[in-house]
Protein chains: 2
Amino acid sequence: MQQSPVPPEPPIYRRIADGLREAILSGDLRDGDRLPGENALMARHGIARATARQALSVLINEGLAVPKRGSGVYVRQFRPIRRHGSRRLSRGQWGRGEAIWDSDTRGRPYTVDEVYIDRETAEDAVARVLGGPDVWVRRRRYSVDERPVQLSVSHFPAALVEGTAITSEDTGPGGVYARLGELGHAPAHFTEEIRARMPHPHETVQLDLPAGTPVIVIARVARTADGVAVEVNEMILDAASYVLQYDFDS
Amino acid sequence: MQQSPVPPEPPIYRRIADGLREAILSGDLRDGDRLPGENALMARHGIARATARQALSVLINEGLAVPKRGSGVYVRQFRPIRRHGSRRLSRGQWGRGEAIWDSDTRGRPYTVDEVYIDRETAEDAVARVLGGPDVWVRRRRYSVDERPVQLSVSHFPAALVEGTAITSEDTGPGGVYARLGELGHAPAHFTEEIRARMPHPHETVQLDLPAGTPVIVIARVARTADGVAVEVNEMILDAASYVLQYDFDS
DNA sequence: TAGTGGTCTAGACCACGCA
DNA sequence: GCGTGGTCTAGACCACTAC
């Protein structure tokens, strides 16, 4: 039998972090409010600077706070955009104003900040799906309200799109899917694979992510009615900016 | 015009972290390998202990490494389970061995570790969808290979399920959906909302998450053919353990 | 200019693992 | 018992923000 041991006290930095987190999650501290700074925590709890920093770093790494140099540490807000996957069924009587999570439903306009188009050799997984490594690639960054929210890399089989508008910056009305349709390869079936992880450094830079924000990674494969894969699109989303929604029936 | 300034050198701890990350992502260091420890980094780079710790903490907070007390810091593995949302279309000729990401396709068995069933007052968002705050709640924890991977909380309208097997531990053959069907409320339509964020402390404990692992949160609403919501299920997934997949057509 | 967070040093004691 | 990571102190200098 194990003698129930005295439950060990959490370390000081953790107790301080717990208190601040409580204040944030309970709503006592709201979006944009200033947290007590390092000096305030040192004085209030009689601790060293490094310990105060450690407490704040917990909240920062949890995505609940953002440090601003020379100013303070602030509570962080979460106001996501809603992205619909399959929405065939969501237009009926159900699914109107009955979402679980709050989100900005106003259709805020996307801006495409950056576009790079290139002919490349695809990595193995993409090559396997597209039937070969020769691809045209379209890399974009999307922003909403001046804020970068998504990186997107689309791969197309080179043999399919060579010489079409898909390999130029302006893909024309209807975008790449309209062009694929004109080529007799209209996308009909989609598969989306979704993961979440902490961002790599270049993603942190390109999406301007504060510490403690994961990214959602979506790998989407578009196939024609015949089942031929015509596009592989990898999207990196700022997780704090998105709610994904999928509607389907059993 | 801005005179292009000399690009500032990143701090030491960051350069060390970058080097180690590079070694991990390039495959030089593989799953389970031991990283150089604090003492090794101090000696190799001539830095103080706190600086070495800071470098390692970067990788730990990125989910790329796990510290083991008294032993070392180790590269972390990612071997996810595949969870299918809508898979109506995935059984055809397409979608066979053509996934983008690796995953354990062997159908490893789930274990239900913990079950709590209770009558509760639902929070606002759930009450709004279910048409009232009176709910029966089933809380479960799922494990795969002895490892907790998912927390799940299902809410059912109390008026609908009162006195049925849904309010008892053993829901009988076919589970709760079979019971709902017998009651004339078979689920037919599903909406899944997905977010990702860093875990709350109780989630870290219950899922035994190392630092740097986000969670995926899925809120699923099940509706009958008439559009009546009969279940709201909130799932918390260890993001390192899952790939979600959705199949649909345009 | 005063206050903030960012980086770094040089120590200390502890709990834990592994041999 | 030794090496590991976990916690903590008491300083230092810097860059940046706000006033």
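Numbers restart at 1 for each chain; the letters A, B, ... are given by sequence-line order, proteins then strands. Note that these values count all heavy atoms, side chains included, but never hydrogens, waters or copies made by symmetry. Keep in mind that what you see is a predicted model, and the values were worked out from it rather than measured.
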About how many Å separate [atom2] of [Y] and [atom1] of [X], when rounded to the nearest 0.5 Å?
X      : Y      : atom1 : atom2 : value
A/I236 : A/Y142 : CD1   : OH    : 13.5 Å
B/Y246 : A/Y246 : OH    : OH    : 7.0 Å
B/R140 : B/E169 : CZ    : CD    : 11.5 Å

Value in whole Å for how far the [atom2] atom of [N] lies from [atom1] of [X]:
X     : N     : atom1 : atom2 : result
B/L35 : D/dT4 : CG    : P     : 13 Å
A/L56 : C/dT4 : CG    : P     : 12 Å
A/L41 : C/dG3 : CG    : P     : 17 Å
B/E38 : C/dT9 : CD    : P     : 14 Å
B/R14 : C/dT7 : CZ    : P     : 7 Å
A/Q54 : D/dT9 : CD    : C1'   : 12 Å
A/N39 : C/dA2 : CG    : C1'   : 11 Å
A/I60 : C/dT4 : CD1   : P     : 15 Å

Report yes if a side-chain nitrogen or oxygen of A/Y13 is closer than 4.0 Å to either non-bridging phosphate oxygen (OP1 or OP2) of D/dC8; otherwise report no.
-> no
Does a side-chain N or O from B/T51 land closer than 4.0 Å to OP1 or OP2 of C/dT7, or not?
-> no
Name the closest nucleotide to the B/A48 side chain, picking from C/dG5, C/dA10, D/dG5.
-> C/dA10
Consider the side chain of A/I47, meaning its heavy atoms from C-beta on, and name the nucleotide among C/dT9, C/dG5, D/dT9 that approaches it most closely.
-> D/dT9
Reading nucleotides 12-19 of chain D 5' to 3', which nucleotides get B (base under 4.0 Å from a protein heavy atom), which S (sugar-phosphate only), which -?
-> B--SBB--
For the pair A/I216 and A/L244, evaluate side-chain contact (heavy atoms from CB on, under 4.5 Å) and give the outcome as yes or no after the intermediate values.
-> CA-CA 10 Å; A/I216 295 171; A/L244 311 185; 4.0 Å; yes
Checking side chain to side chain donor-acceptor pair (under 3.5 Å) for the pair B/R138/B/T171: CA distance, chi angles, key distance, verdict?
-> CA-CA 11 Å; B/R138 301 179 60 87; B/T171 54; 4.9 Å; no
Where each residue is assigned the nucleotide of DNA chain C containing its nearest heavy atom, which of A/G37 and B/I12 is assigned the position nearer the 5′ end?
-> A/G37
Minimal heavy-atom distance between A/V149 and A/L207, with the atoms involved, is C-CD2, 3.6 Å
All heavy atoms of A/R195 vs all of B/Y242, minimum pair found to be CG-O, 4.0 Å
